[in-house]
Amino acid sequence: MRKKNTQNINLSESKDESRRNFVVKSSLGLFAGLLGAKMVFAENFPKDIEPIGLEESTSKSLMPGKSDKLTILSDRPWNAETPIHLLDPIATPTKHFFVRNNGNAPSNVNPEKWKLTIEGESASKKITFSLKELKSKFKHYSYHLTIECGGNSRAEFSPTTEGNQWGNGAVGCAKWTGVRLKDVLNYVGVKADAVYIGYYGADQHLLDPSKVVISRGVPIKKAMEDESLIAWAINDENLPLMNGYPLRLVIGGWPASVSGKWLTKIKIRNKVHDGEKMEGKSYRVPKYPVAPGTKVPDEDMEIIGSMPVKSLVTYPKSGAMIGKGKSFEVRGQAWAGDLSVKEVHISIDFGVTWKKCTLTTPINRFAWQQWKTRITLPEKGYYEVWARATDSNGKIQPMVVPNWNPKGYLNNACHRIAVKQL
Ligand SMILES: Nc1nc2c(c(=O)[nH]1)N[C@H]1C(S)=C(S)[C@@H](COP(=O)(O)O)O[C@H]1N2
Ligand SMILES: [Mo]
């Protein structure tokens, strides 16, 4: 439905709106929670309107701490992406940070009782920390880290692949605060044969409570980077429940699936972690390019590491009407996994000519960079602004959807917005 998201921006937005309203209305019972009071005569309340609410800030969002402006892809489990123009601030606001859940978030989280255990074949001992111990034993660090779902922009793949049909908004870069994963691992003791870490979280499988929802990890080298965090805060606030409250991993530059939420356990492994969604087609892509639609044997798939170079146009909002002859700023974000972004160019003539933009240096490694420029459109009419980033190794974003793969990962095709000069 969002395949042609730039051209049909108004259309697709109204669909998102009705989808959200549908979610709200299918849950009339929840109005009591939203209103903070019992709705007397609720049985008489018309199905096609919404209660006004008692205070202006009453959000229509059913996800605690999240904005009703997110585009909801599913509500069982909750999956919601950020509309691109809301990714304009250098730090993605907490309430606008995307949500990608594979199961149900834990209920009744008690931070006083929360425990994190470090163990595994390559751990010298097994140690369990309370949240308080983690916070008092280790130095606190804050980093701006970009995390992007491996399946971001999946909706553009043809043939369609299974999984959430993400537009381009399953990405964000926020200020995360916590302790260094490496400080905690070193405190416990990392044996010389350590290869990988694997996380476990407290979320629950949708169908079978005895099953692990997701348990992924990263090579020990990535785990030991200064910026790999065990975090309890985003933008100096507690993590929202949907983003992993009270504790999560944040590992910038890699598919966000390695940033385990509701973190309860980390295993230091003497082999590649073999937890849920590490094998088969999950978060893995073919080792060689395949024709769209190809069935690829599992042994020809490899685990996704650093994410590819990508950029977004966050201002103006797609669909903007520009006054005659007005010059206006165009800007956005760009990131490149473990690398940095060297250049961003934009085109207003469908890629025939490109204009170099100014680009900030990242606040720290694995943080996205802001680019901007000013343009004037030559005459009245319809235009698209295309943005194209180049990483520090010289790799450039493709104009068309690259490397079809069975689960639709790693689409870093150029983002486009539509503007009209009046
Ligand atoms: N425990 C747990 N951790 C998880 C997930 C999950 O479902 N359960 N989803 C992963 C995936 S696929 C992504 S893209 C990110 C999303 O993080 P966010 O919801 O805070 O944006 O969390 C990752 N960590
Ligand atoms: Mo993801």
Side-chain angles (χ1 to χ4, degrees), residues 63-67 70-82 86-87 92-107 109 114 116 145-154 161-176 178 197-206 211-218 228-235 237-266 273 275-278 281-285 303-304 307 407-411:
M63 290 182 286
K66 304 305 288 186
S67 163
L70 293 180
T71 305
I72 292 168
L73 278 79
S74 75
D75 54 357
R76 260 187 74 86
W78 283 109
N79 281 294
E81 66 176 281
T82 314
L86 297 179
L87 293 173
T92 307
T94 308
K95 63 178 186 209
H96 291 152
F97 207 93
F98 78 100
V99 171
R100 196 287 182 249
N101 291 348
N102 289 269
N104 288 324
S107 48
V109 171
W114 197 265
L116 172 66
L145 300 168
T146 306
I147 63 172
E148 179 182 15
C149 180
N152 192 26
S153 311
R154 176 180 288 137
T161 58
E162 63 181 63
N164 289 302
Q165 295 300 303
W166 297 108
N168 299 305
V171 60
C173 181
K175 177 187 175 193
W176 304 93
I197 62 117
Y199 72 74
Y200 294 83
D203 45 342
Q204 260 141 43
H205 198 277
L206 289 175
K211 282 193 175 147
V212 173
V213 178
I214 182 172
S215 171
R216 305 201 68 243
V218 289
S228 294
L229 292 180
I230 299 176
W232 53 80
I234 174 173
N235 300 324
E237 306 158 58
N238 281 336
L239 297 169
L241 177 65
M242 290 294 156
N243 300 107
Y245 178 77
L247 199 64
R248 74 173 299 170
L249 283 173
V250 186
I251 299 187
W254 282 48
S257 54
V258 300
S259 292
K261 303 193 281 188
W262 310 290
L263 186 66
T264 55
K265 196 197 296 179
I266 295 172
H273 183 55
E276 186 61 30
K277 296 192 191 291
M278 283 301 292
K281 303 275 184 295
S282 296
Y283 303 101
R284 304 206 313 161
V285 290
I303 301 171
I304 298 169
M307 294 292 286
K407 288 287 289 282
Y409 297 120
L410 306 184
N411 175 12

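Computed from a predicted model, the values in this text were never measured in an experiment. Just so you know, ligand 1 is whichever comes first in the structure, and atom 1 is the first atom listed for that ligand.
For ligand 1, the atoms closer than 4.0 angstrom to any heavy atom of F97 are 21 (O). Close approach of ligand 1 to N101 (heavy-atom distance below 4.0 Å) involves ligand atoms 7 (O). Heavy-atom proximity to S259, at under 4.0 Å, picks out these atoms of ligand 1: 22 (O), 23 (C), 24 (N). Numbered from 1 in the order shown, with element, the atoms of ligand 1 that lie under 4.0 Å from a heavy atom of N243 read 18 (P), 19 (O), 20 (O), 21 (O). Here is the list of ligand 1 atoms found below 4.0 Å of a heavy atom in C149: 14 (S). Near G260, meaning under 4.0 Å from any of its heavy atoms, are these atoms of ligand 1: 3 (N), 24 (N). Listed by atom number, the atoms of ligand 1 under 4.0 Å from R248 heavy atoms are 17 (O), 18 (P), 20 (O), 22 (O). Against a heavy-atom cut-off of under 4.0 Å, V99 is close to the following atoms of ligand 1: 19 (O).
At a heavy-atom distance under 4.0 Å, no atom of W78 approaches ligand 1. Only the side chain of I214 comes within 4.0 Å of ligand 1, judged by heavy-atom distances.
The closest donor-acceptor contact from the side chain of R154 to the backbone of T161 lies at 3.5 Å or more, if one exists at all. No side-chain donor-acceptor contact under 3.5 Å links E148 to the backbone of M307.
Looking at heavy atoms from C-beta onward, W114 lies in side-chain contact with W262 at the 4.5 angstrom threshold. Taking the side chain as every heavy atom from C-beta outward, I72 and W78 approach each other to under 4.5 Å. Between R100 and W166 there is a side-chain heavy-atom pair separated by less than 4.5 Å. Looking at heavy atoms from C-beta onward, I197 lies in side-chain contact with L249 at the 4.5 angstrom threshold. Counting heavy atoms from C-beta outward, M278 and Y283 have side chains that stay 4.5 Å or more apart. Residues W176 and I147 meet the side-chain proximity criterion, which asks for heavy atoms closer than 4.5 Å.
At least one heavy atom of Y283 sits less than 4.0 Å from an atom of ligand 1.
The neighbour count for E162 CD, taken as heavy atoms of other residues, nucleotides or ligands under 6.0 Å away, does not exceed 12. Heavy-atom contacts from other residues, nucleotides or ligands closer than 6.0 Å to NZ of K95 number 12 or fewer.
In terms of polar-atom proximity, S257 is not counted as a contact of ligand 1, lacking any N or O under 3.5 Å from an N or O of the ligand. Polar contact check, W262 against ligand 1: no nitrogen or oxygen pair lies under 3.5 Å apart.
Comparing N104, N79, D203 against atom 2 (C) of ligand 1, the shortest heavy-atom distance belongs to D203.
Nearest non-hydrogen protein atom to atom 21 (O) of ligand 1 is F98 O, 2.6 Å. Atom 15 (C) of ligand 1 has as its closest protein heavy atom A256 O, 3.4 Å. If you check which protein heavy atom lies closest to atom 19 (O) of ligand 1, you get K261 NZ, 2.5 Å.
Separating the CG atom in L263 from the CG atom in D203 is a distance of 10.5 Å, to the nearest 0.5 Å.
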